[in-house]
Amino acid sequence: MRTGNTSRLVRLLKGVASLLTHWCVCRKAWLVAVQPGKRRAVHVAVCRSLKMAGAGGDKPLAEAGPSPLSRVLRISQLDAFELDGALEHLIWSQFARCFQHFKPGLLTPAEPELKALLQLLLWRFTVCSNSATVGQALLNIRYRNALIPGQRYRPMSRQQKLWFALLTVGGKWLRERSHSLLLLGRPADSGVRKARGTLALIGGLAKAASLFNFLLFLQSGTFPTLTERLLGVQPVFSQPQGPRDINFQYMNRELLWHGFAEFLIFLLPLVNTWKLKANVSALFSLSANTKGGTATEMSSQMECAVCGEWPTMPHSIGCSHVFCYYCIKSHTMADIFFTCPKCSAELVTVQPVKLQIELTEMHPS
């Protein structure tokens, strides 16, 4: 008993000594770091070390949310490009609509230059001022200068912004304008042929490099375009991405509608909508037959009870109505309990019907 109590007392004293040691280390680090930024960094580092020590050397616990410089998802980067392309197309369509009442083809000769001008205006108020495109701003993303190491955010430099505009806007303009200058309406002399070969070679190399860069992007998750890799700019989050709170009423409503949709998906294939429609139409046709008399009987022999057209290869199911052969066959194959949509008569046998058609001579008056 005394040995057990002594061992417990020794473990208790060791725990108290460990706590005092950790407290002294934290206190000393806190007093040394005078600046607020350093104080916060030291506090986070000390707390992380305490978590590791308390967990027996395991990995540290996850923080509340990623830092602004954390890696952006691949799909978010690609979505930003899609939003940018949609915005450029929308701006050009609105600009072209302003000239819809002018002479057709008025903007065609200067279309590459006009598109480049609109893209430069868009670049001036997005990348040049905020280091982010419109699509990135919608997704809470912006570019940072990856050439400068460190955990602190560094915006794009002036040279990077200018080269970004030159490679993106100038590249698109060069492709469109060179196609019209070298490939359309030019004599096939030696100089033009060399220019065409050089242009095709440069275009092929650029496409191969873009493909190789995209494969690297799928593997690493950084630099989705060749321009970003050459300039050393990388998309990061503009603000820390904390946990998202969802209202309970919203979740309850979504779950309710999701369950209702699944119920409808399960129920609708079991409902014979065509037969239901046929029964409803049969009720109205019966009321019309009581008023029409013999005229309705004659019309029932002249039109298919399903499609309402002249019966092709007329057949009957045992009632006074006729059906096209393909109409009655398709419906009896789909529903073995098929009934006539006009009088609700049940299917007995499908038999061909011979119609007697009276031809009257038309005398000119």
Kindly indicate, with the supporting measurements, whether the criterion side chain to side chain contact (heavy atoms under 4.5 Å, CB included) is fulfilled by Cys304 and Glu309. CA-CA 5 Å; Cys304 175; Glu309 301 293 335; 5.6 Å; no
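- Counting all heavy atoms, side chain and backbone alike, Pro235 lies closest to Glu228 at CD-OE1, 4.0 Å.
- Between Cys340 and Ile317 there is a side-chain heavy-atom pair separated by less than 4.5 Å.
- Residues Val169 and Ala116 come closest through the heavy atom pair CG1-O, 3.6 Å.
- Among all heavy-atom pairs drawn from Val134 and Asp84, the shortest one is N-OD1, 3.6 Å.
- Within 6.0 Å of CD in Glu82 there are 12 or fewer heavy atoms belonging to other residues, nucleotides or ligands.
- Using a 4.5 Å cut-off between side-chain heavy atoms of Ile, Leu, Val, Met, Phe, Trp and Tyr, Leu226 falls into a hydrophobic cluster with Leu230.
- Of all non-hydrogen atoms in Gln136 and Ser131, the two that sit nearest each other are OE1-O, 4.4 Å.
- Here the side chain of Asn213 pairs a donor or acceptor atom with the backbone of Pro224 at under 3.5 angstrom.
- No more than 12 heavy atoms of other residues, nucleotides or ligands shown are found within 6.0 angstrom of CZ on Phe212.
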Verdict with reasoning, Leu122 to Leu87, per side chain to side chain contact (heavy atoms under 4.5 Å, CB included): CA-CA 10 Å; Leu122 190 63; Leu87 179 64; 4.0 Å; yes
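- His315 pairs with exactly one of Tyr326, Tyr325, Phe323 by the ring-ring contact (aromatic ring centres under 6.0 Å, His included) rule, that one being Tyr325.
- Side chains of Leu231 and Phe164 form a contact here, defined as non-hydrogen atoms less than 4.5 Å apart.
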Test side chain to side chain contact (heavy atoms under 4.5 Å, CB included) applied to Lys172 and Glu88, step by step: CA-CA 12 Å; Lys172 294 179 181 179; Glu88 292 178 1; 3.2 Å; yes
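- Shown here is Trp163, whose CH2 atom has no more than 12 heavy atoms of other residues, nucleotides or ligands within 6.0 Å.
- With hydrogens and angles disregarded, no donor-acceptor distance shorter than 3.5 Å links the side chain of Thr349 to the backbone of Gln351.
- Smallest separation of non-hydrogen atoms from Arg144 and Ile148: NH1-O, 4.2 Å.
- Checked against the 6.0 Å centroid threshold, Phe102 and Phe99 count as a close aromatic pair.
- Heavy-atom minimum distance, Val306 versus Cys327: CB-CB, 4.1 Å.
- Residues that satisfy the side chain to side chain contact (heavy atoms under 4.5 Å, CB included) test with Thr312, not counting sequence neighbours, are Cys324.
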May I have the step-by-step check of side chain to side chain donor-acceptor pair (under 3.5 Å) for Gln234 and Tyr143, ending in yes or no? CA-CA 5 Å; Gln234 183 179 358; Tyr143 282 121; over 6 Å; no
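- Judged by the 6.0 Å distance and 45° axis criteria, Arg229 is not positioned over the aromatic ring of Phe217.
- Side-chain contact between Arg142 and Tyr153: present, with at least one pair of heavy atoms (C-beta onward) separated by less than 4.5 Å.
- Residues in residues 90-114 take part in these salt bridge (Lys or Arg N to Asp or Glu O under 4.0 Å) pairs, two or more places apart or across chains: Glu111-Lys115, Glu113-Arg177.
- A donor-acceptor pair shorter than 3.5 Å can be found between the side chains of Glu262 and His258.
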